[in-house]
Structures are given as C-alpha cells and as structure tokens.
Amino acid sequence: MKITRQKHAKKYLTFYRFNFGLREPYQVLLDGTFCQAALRNKIQIKEQLPKYLMGEVQLCTSHCVMKELQSLGKELYGAKLIAQRFQVRSCSHFQNPVSGSTCLLSLTADGNPHHYFIATQDQELAAKVKKRAGVPLMFIIQNTIVLDKPSPKSLARVEALQSNQLVPEHQRHSIKHLKDEQGVAKDSERKGKKRKRVKGPNPLSCIKKKKKAPQQQPAASTSAQTKRKRRRKHGKPAGSETVQGS
C-alpha cells in the first residue's frame, strides 16, 4: 500500500512540475486542522512529509492561522505548538487578521505564483482549493499523509494550454501576421506537402516469361514411324519382277 501511495504521489508531482512549474523545496502551507490531525494520529510531519514527497520540503503557515489557533484556546493548544515550529509567511492581513482558510486562499491567488501546497482537513477549504488550477492539495487519511490527484480545474487548464485556447484573439492575429511577414507559414506549408514521385514500371511485369519445353511424344509412336520409314526404303513394289522377265 505504501509503495502504491508513493507511486501516485510521484505521478502527481511530475504533473505539477511539468505543467505548473513546481520545484524543490516544496512549500507546504499547513492550517490548524492539519496540525491537529497529525497530533491525533501521531504523525511526525517534519520526518514523514519529505519522505512521502521524495524531496526537500519547507513547512510553513501564515500569521492568520496562528492567530486563529490562539483564539481557540486549550482545545487546539497542541496544534498551536506544532504550527509554531514552522515558518510563518507574511500576508496582507497583519493588521486585520482573517480566518485561516481565507488567508491560505489569498496566498494561492493569481495563479499560485509561489507554488504553494495546501495541507488541510477542512472540507470547505479543500473544495475551494480544487476550483483553482495548479494548487496541490494534501490531507491525512487513515493515519497517512496523502497528496490528492490533480483537480478537474488543473486538468482543464493543461488541456487548454495544449490546444492554445488561452491565447487572446488579438495575440493570435498578431502571431499570424508575424508569421506571414517572416514567411514561416509558407515554409511550413511547403514542408507539409509531400512531393509526388514518378512511379516506375512494376518490377513484376518486367520478368520474362519462361518458354515452355516441347512435349516429347511417346516412345511407341516414334518406333512405329521408324518402322514405316524402313519399309519405304527397303521394300519393292509388287509386280516389278514380272515386268523384267517379260
């Protein structure tokens, strides 16, 4: 089960690296719910997460998440102690803190330029993360850390990029105009057309037909013909002697 889980993680990481530019060290944003689940399931995040992602990892949280954990009191005191070990990333809510989920969503806005992962057990936050392309989602299930598969939004973005659907219309016209000026389009059309080769004669039709060997007559007929010839040469006509005697 562990090997299969790591194979899936490797496959998903490859997808995000090639299509969204994710790279090591992987920056993972954790909220209070993820820290609480790790504490409950006795998961050592600093040790297990780099092994699972097979690379260097930077664990971090936000100022709003720390404020939220402080406000919840003793219930999440253990999660607060875990979150304090991570880097605290600055956000735009320093003076007016917001909820942890809102803060994490703001850090991954505008196409997730810092390539953050989001680790959470909050189902509402996870549903919002899946609506954004290029934001990997992590959670804890059955005492193990799991990297979720790419969301339909991420897959649709990749397909759109591959089919060139995200290029604005005015940019398409300008690109086409530049190609026409440089003659790139004509060259590509020439390369695309295949030259028709002159077909030669079919080599099978040039093979000479073999002459049929003459059929040999049966031996009986040949012997009969030779006997007839001998009779014609040596035989005398009947009545020749009577003519000489007279």
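As a basis for the values below, the full set of heavy atoms in this structure was taken, side chains included, without hydrogen atoms, waters or symmetry mates. Keep in mind it's a predicted model, so treat the numbers as computed, not measured.
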Quick one: side chains of residues 126-141, donor-acceptor pairs under 3.5 Å with protein atoms, not counting sequence neighbours, listed by atom name and distance.
residue, atom, partner, partner atom, Å
R132, NH1, L105, O, 2.4
R132, NH1, T108, OG1, 3.1

Inset, instruction - Linking directly or through intermediates, with side-chain heavy atoms under 4.5 Å: list the remaining ILVMFWY members grouped with L81, chain and number order. - result: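 Reading the cluster by chain and number, L81 sits alongside Y77.
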Legend entry - Flag for Y12-R17: side-chain donor and acceptor within less than 3.5 Å: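 Checked: R17/Y12 side chains show no N/O donor-acceptor pair below 3.5 Å.
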Is there a path of hydrophobic side-chain contacts, each under 4.5 Å between heavy atoms, that joins [X] and [Y]?
| X | Y | answer |
| --- | --- | --- |
| F86 | M66 | no |
| Y16 | L155 | yes |
| V28 | L13 | yes |

Legend entry - Residue among L125, L69, T61, I118 satisfying side chain to side chain contact (heavy atoms under 4.5 Å, CB included) with D31: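 With D31 as partner, side chain to side chain contact (heavy atoms under 4.5 Å, CB included) holds for just one option, L125.
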Should [X] and [Y] count as side-chain neighbours, where that means a heavy-atom distance under 4.5 Å?
| X | Y | value |
| --- | --- | --- |
| H63 | K67 | yes |
| M54 | K10 | yes |
| F117 | L147 | yes |

Inset, instruction - Answer yes or no: is there a donor N or O on one side and an acceptor on the other, between the side chain of E68 and the main chain of S99, under 3.5 Å? - result: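 Absent.
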Legend entry - Any donor-acceptor N/O pair, S163 side chain to E159 backbone, under 3.5 Å: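 Yes: the side chain of S163 pairs with the backbone of E159.
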Legend entry - Passing option when Q27 is tested against Q87, R89, H115 for side chain to side chain donor-acceptor pair (under 3.5 Å):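 The passing option is R89.
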Legend entry - CA sep, side-chain torsions, deciding dist, call: K80, Q70, side chain to side chain contact (heavy atoms under 4.5 Å, CB included): CA-CA 7 Å; K80 175 189 169 185; Q70 289 176 4; 3.7 Å; yes
How many angstroms lie between [atom1] in [X] and [atom2] in [Y], if you round to the nearest 0.5 Å?
| X | Y | atom1 | atom2 | value |
| --- | --- | --- | --- | --- |
| L22 | H114 | CG | NE2 | 13.0 Å |
| L49 | L59 | CG | CG | 5.5 Å |
| L29 | C60 | CG | SG | 4.0 Å |

What pair of heavy atoms forms the shortest contact from [X] to [Y], and how long is it?
| X | Y | result |
| --- | --- | --- |
| C64 | C91 | SG-SG, 3.8 Å |
| V158 | F15 | CG2-CZ, 3.6 Å |
| Y116 | L107 | CD1-O, 3.7 Å |

Legend entry - Derivation of the side chain to side chain contact (heavy atoms under 4.5 Å, CB included) call for T144 and V146: CA-CA 6 Å; T144 55; V146 176; 4.1 Å; yes
Listing, residues 38-48 side-chain donor-acceptor contacts under 3.5 Å, not counting sequence neighbours, or none:
residue, atom, partner, partner atom, Å
N41, ND2, A37, O, 2.7

Inset, instruction - For V57 and Y52, run side chain to side chain contact (heavy atoms under 4.5 Å, CB included): C-alpha distance rounded to whole Å, both residues' side-chain angles, the deciding distance at 0.1 Å, then the answer. - result: CA-CA 10 Å; V57 176; Y52 176 58; over 6 Å; no
Inset, instruction - Mind running side chain to side chain contact (heavy atoms under 4.5 Å, CB included) on H93 and S106 for me, showing each step along the way? - result: CA-CA 10 Å; H93 318 113; S106 67; 3.2 Å; yes
